[in-house]
2 protein chains.
Amino acid sequence: MSELDLETIAVAVAPAEKYREFLATKSLRMTRERAIIVDEVFASHEHFDADQLIQRLARRSDGKRVSRSTIYRSLKHLEEAGLIRKIARQDDRDLYEHDYGYPQHDHLICNRCGTLTEFHNEQISELLEQIARDHGFRIEGHRTEVYGLCDNCCRPPVTRPKKLNLL
Amino acid sequence: MSELDLETIAVAVAPAEKYREFLATKSLRMTRERAIIVDEVFASHEHFDADQLIQRLARRSDGKRVSRSTIYRSLKHLEEAGLIRKIARQDDRDLYEHDYGYPQHDHLICNRCGTLTEFHNEQISELLEQIARDHGFRIEGHRTEVYGLCDNCCRPPVTRPKKLNLL
DNA sequence: GTCGTTGCAAAACTTTTGCAGTTCA
DNA sequence: TGAACTGCAAAAGTTTTGCAACGAC
């Protein structure tokens with residue numbers, strides 16, 4: 001099984017604080033709603049889409065509800081602030097992941113079960129840098145999505161005929 | 001300036017013919033509309049989105065109009081048939097490019113002007129193969145998008161303030 | 001007090017779908 | 001002839017926006 005082999009990197013300030021700084025630079029305000037959202041976004045390291053975040057916020061027992069519009073508006077901010085980034089589209093929705101306090105990485109995406117596996121490879125980054133240089137291009141970021149079948153899905157089905165279990 | 005340094009590869013059959021074969025395998029029919037669409041899609045090698053294709057078809061002087069629904073339906077077929085593929089999202093629309101008669105490649109995408117520059121690098125493919133192997137993952141394809149500023153956009157602006165011209 | 005912000009409902013947009021009539025094989 | 005196809009209009013689904021009330025600084 002492929003395990004997550006990346007580690008969280010040390011960050012100078014918490015996401016909420018970084019968000020606050022970002023807001024300050026644009027003369028925007030840290031509101032109750034924005035605090036709730038950045039909290040919830042960084043409460044779990046899973047990738048998520050807008051709808052899932054809306055669900056998670058609706059499920060909170062503390063009644064800290066935030067409207068759909070505000071969530072969409074905040075996702076834009078968080079992306080602009082470099083706290084999260086879009087990684088792909090899945091089921092016609094934009095998928096986000098943490099971009100702050102987490103090293104650059106790419107994804108293996110299973111065409112059958114949708115599982116995302118993260119990986120990091122420095123050589124690829126170096127090659128891309130080289131290629132960009134050759135084209136007079138200044139890299140700000142990249143996204144590599146590898147599609148195919150994950151470990152689980154390219155094995156023969158685990159639910160074999162009973163007969164085989166007896167062999 | 002970065003020029004397109006990829007060449008069209010020889011293909012055994014024309015796109016329209018390949019489409020016909022695909023349709024045959026699914027007991028579908030080659031209709032007047034489908035012929036018009038595959039023709040128009042392969043008339044130019046530029047990447048495009050559904051709306052642009054609709055515009056191009058609407059602009060045809062021969063009056064070969066095709067409805068929006070049929071175009072969307074055909075794009076799905078063409079993708080499934082391996083004739084085109086989605087390369088990214090731009091302006092909230094799926095962007096397509098030719099996938100038949102054209103070698104695998106990736107893109108440098110300018111964050112400012114949106115220009116797409118194609119490149120191909122075999123070493124990256126090999127690295128990805130290696131990484132996939134390590135994870136028990138079977139690659140079916142990949143997409144690498146490099147974001148940043150293209151050659152043009154990372155130079156100082158050519159249209160300077162008038163004052164500077166007088167210095 | 002001044003703006004920025006929120007929530008709501010409505011709008012905007014791309015893409016999909018149901019259906020009646022049409023066409024291909 | 002019959003199943004597949006088209007075009008239309010309507011629907012679906014996500015994301016955005018106008019606006020009046022509200023809240024941060």
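All values below come from the heavy atoms of this structure, side chains included, with hydrogens, waters and symmetry mates left out. First the proteins, then the strands, lettered A, B, ... as listed; each starts at 1.
Using bins of under 30°, 30° to 60° and over 60° for the plane-to-plane angle, the ring pair A:His105/A:His107 lands in the perpendicular bin.
Nearest approach of A:Ala14 to A:Tyr100, heavy atoms of both residues: C-CE2, 4.3 Å.
Put simply, CG on A:Asp49 is 12 Å from C1' on D:dT15, counting in whole angstrom units. The distance between atom CD1 of B:Ile71 and atom C1' of D:dG7, rounded to the nearest whole Å, is 11 Å. C:dT6 atom C1' lies 10 Å from atom CD1 of A:Ile37, rounded to whole Å. Look at CG on A:Asp91: it is 18 Å from P on D:dA12, rounded to the nearest Å. Whole-Å rounding puts the A:Asp92 CG to D:dA12 C1' distance at 11 Å. What separates CZ of B:Arg65 from C1' of D:dC8 is a distance of 15 Å, to the nearest Å. With rounding to whole Å, A:Phe48 atom CZ is found 16 Å from D:dT14 atom P. We find that CD of A:Gln90 is positioned 15 Å from C1' of D:dT14, with the value rounded to whole Å.
Residues meeting the side-chain hydrogen bond (donor to acceptor under 3.5 Å, both in side chains) test with B:Asp94, sequence neighbours left out: B:Arg89. In this view, A:His142 satisfies the ring-ring contact (aromatic ring centres under 6.0 Å, His included) rule with no residue, not counting sequence neighbours. Partners of A:Phe48 under the ring-ring contact (aromatic ring centres under 6.0 Å, His included) rule, at least two apart in sequence or in another chain, are A:Tyr96. Residues forming a salt bridge (Lys or Arg N to Asp or Glu O under 4.0 Å) with B:Arg138 (at least two apart in sequence, or on another chain): none. Scored by the ring-ring contact (aromatic ring centres under 6.0 Å, His included) test, B:Phe42 finds B:His98 as partners (sequence neighbours excluded).
A:Arg89 has a side-chain polar atom (N or O) that falls below the 4.0 Å cut-off from OP1 or OP2 of D:dT15.
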Any protein N or O atoms within reach of nucleotides 8-10 of chain C? Criterion: under 3.5 Å, listing atom names and distances.
| residue | atom | partner | partner atom | Å |
| --- | --- | --- | --- | --- |
| C:dC8 | N4 | A:Ser69 | OG | 3.1 |

Would you tabulate the nitrogen or oxygen pairs shorter than 3.5 Å linking the protein to nucleotides 23-25 of chain C?
| residue | atom | partner | partner atom | Å |
| --- | --- | --- | --- | --- |
| C:dC24 | O2 | B:Arg29 | NH1 | 3.1 |

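If you take CZ on A:Arg85 and NE2 on A:His47, they are separated by 12.0 Å, rounding to the nearest 0.5 Å. One finds the CD atom of B:Glu97 at 8.0 Å from the OH atom of B:Tyr102 (value rounded to the nearest 0.5 Å). Note that CG of A:Asn111 is 8.0 Å distant from OH of A:Tyr147, once rounded to the nearest 0.5 Å.
With DNA chain C read from its 5' end, the first of the two nearest nucleotides for B:Tyr72 and A:Ser74 is the one closest to A:Ser74.
Each end of the helix from C:dG1-D:dC25 to C:dA25-D:dT1 gets its own rotation axis from five pairs of C1' atoms, and the angle between them is 40° to the nearest 10 degrees.
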Between side-chain atoms of residues 72-79 of chain A and protein atoms elsewhere (two or more places apart, or another chain), which donor-acceptor pairs fall under 3.5 Å?
| residue | atom | partner | partner atom | Å |
| --- | --- | --- | --- | --- |
| A:Ser74 | OG | A:Thr70 | O | 3.1 |

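Non-hydrogen atoms lying under 4.0 Å from DNA chain C are contributed by B:Lys76, all within residues 75-85 of chain B.
Remark: side-chain polar atoms of A:Arg143 are not paired, donor with acceptor, to backbone N or O of B:Glu145 under 3.5 angstrom.
Backbone-only engagement by A:Asp94 is indicated by non-hydrogen atom pairs under 4.0 Å involving sugar-phosphate atoms exclusively.
The salt bridge (Lys or Arg N to Asp or Glu O under 4.0 Å) contacts involving residues 36-49 of chain B comprise B:Glu40-B:Arg56, B:Glu40-B:Arg60, B:Asp49-B:Arg93, where partners must be two or more places apart or lie in separate chains. Residues in residues 25-36 of chain B take part in these salt bridge (Lys or Arg N to Asp or Glu O under 4.0 Å) pairs, two or more places apart or across chains: B:Lys26-B:Glu80.
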